[in-house]
Amino acid sequence: MHPNLKTATVALGLSLLGSVCAAQSAINTYSGSDDAADTSGPWTQSAAAETSFGSAAAGFGSLQTLTFEAQALGMGGFTQGNASVAISGSDYGNGFSGVSNTTFGNLYGFNVTSGGSQWLGAPAGSATFTFAGGTHAFGAYFTGLQTVFSGSSLMVVTFNDGTSQTLAVPVNANGGASYFGFTNTNAFSSVTLSNVSNDAWGVDNVSFTVTSVPEPGSMALMVAGLAMVGAARRRRANRAL
Ligand SMILES: [Ca+2]
Ligand SMILES: [Ca+2]
């Protein structure tokens, strides 16, 4: 092999390895909104987004979902499975803040779990979900959000995957439900949902991946990179004999 070609082969192999080891995060979002939908559903667009999110997230591990059905009511927070949940901000009482089992209507937070009644809210506050072992995906139903309070930017999702990231959750004119989820090629250990207004809202059926597995594409790249470096080294060693 021409020496220049050998150098190029090693460089390509190392560059393939580098693209795996120092990968930029690739974030894909999934959202669907059912403006003004009833608290009993159906939430057709939201459910479609949930399905798309679930399919994408499955590539990163198995999904775990928090329905808030087994949790004590109020602001105390809890740990379930791989997730710990902390709620901050003012306590506006039953039906608004913390884990709730109240249904005031579609302009407020409400349950979306089939056969369930409980959900989580934090108007003018935040809820932080921390995941043991990290996660590559996060998705949830958001209920009761209304643009009249702070336009379309009143609910944000923040997390750190090596870089501080902020995503906006869709907000409806007349409450109802929306689904918002995302996958990330970089892992992250927690997600904070922050609301900048005193709009009453809820979140329910919060899903995340609990086992991180190498993405097939990255694994193939890594194997290809190692194989090329190894082959070039073997050729160099053979020539020295
Ligand atoms: Ca629920
Ligand atoms: Ca509301």
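In listed order, ligands and their atoms are each counted from 1.
- Note on Leu107: counted as a metal contact of the Ca ion (ligand 2), an N/O/S atom lying under 3.0 Å.
- Each of Thr135, Thr67, Thr65 was scored for a side-chain contact (heavy atoms from CB on, under 4.5 Å) with Ser207, with one residue passing: Thr65.
- Residue Gly144 counts as close to the Ca ion (ligand 2), with an N, O or S atom under 3.0 Å.
- Applying side-chain contact (heavy atoms from CB on, under 4.5 Å) to Ser100 and the options Asn94, Leu73, Leu120 leaves one that passes, Asn94.
- Listed by chain and number, the protein atoms of type N/O/S under 3.0 Å from the Ca ion (ligand 1) are Thr67 O, Glu69 OE2, Asn111 OD1, Thr113 OG1, Gln118 O, Asp204 OD1, Asp204 OD2; waters are omitted.
- The Ca ion (ligand 2) lies at the vertex of an angle of 90° between the OE1 atom of Gln146 and the OD1 atom of Asp199 (rounded to 10°).
- When each of Asn174, Leu107, Asp199, Asn172 is checked for a side-chain contact (heavy atoms from CB on, under 4.5 Å) with Leu145, only Asp199 meets the rule.
- Classification of the Phe96-Tyr108 ring pair by plane angle, with boundaries at 30° and 60°, yields perpendicular.
- Counting only N and O atoms by type, the side chains of Asp161 and Ser25 include a donor and acceptor under 3.5 Å apart.
- The side-chain contact (heavy atoms from CB on, under 4.5 Å) test with Thr147 singles out one residue from Val171, Asp35, Leu154, and that residue is Val171.
- The main-chain N or O of Val112 is found under 3.5 Å from a side-chain atom of Asp204 such that the two form a donor-acceptor pair.
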Note to self: For a ring pair (Phe, Tyr, Trp, His ring centres under 6.0 Å) check, start with the C-alpha distance between Phe129 and Phe138, then their side-chain angles and the critical distance, and finish with the verdict.
What the structure shows: CA-CA 10 Å; Phe129 298 78; Phe138 179 90; 5.8 Å; yes

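- Using a cut-off of 3.0 Å, one finds that Ala200 contributes an N/O/S atom close to the Ca ion (ligand 2).
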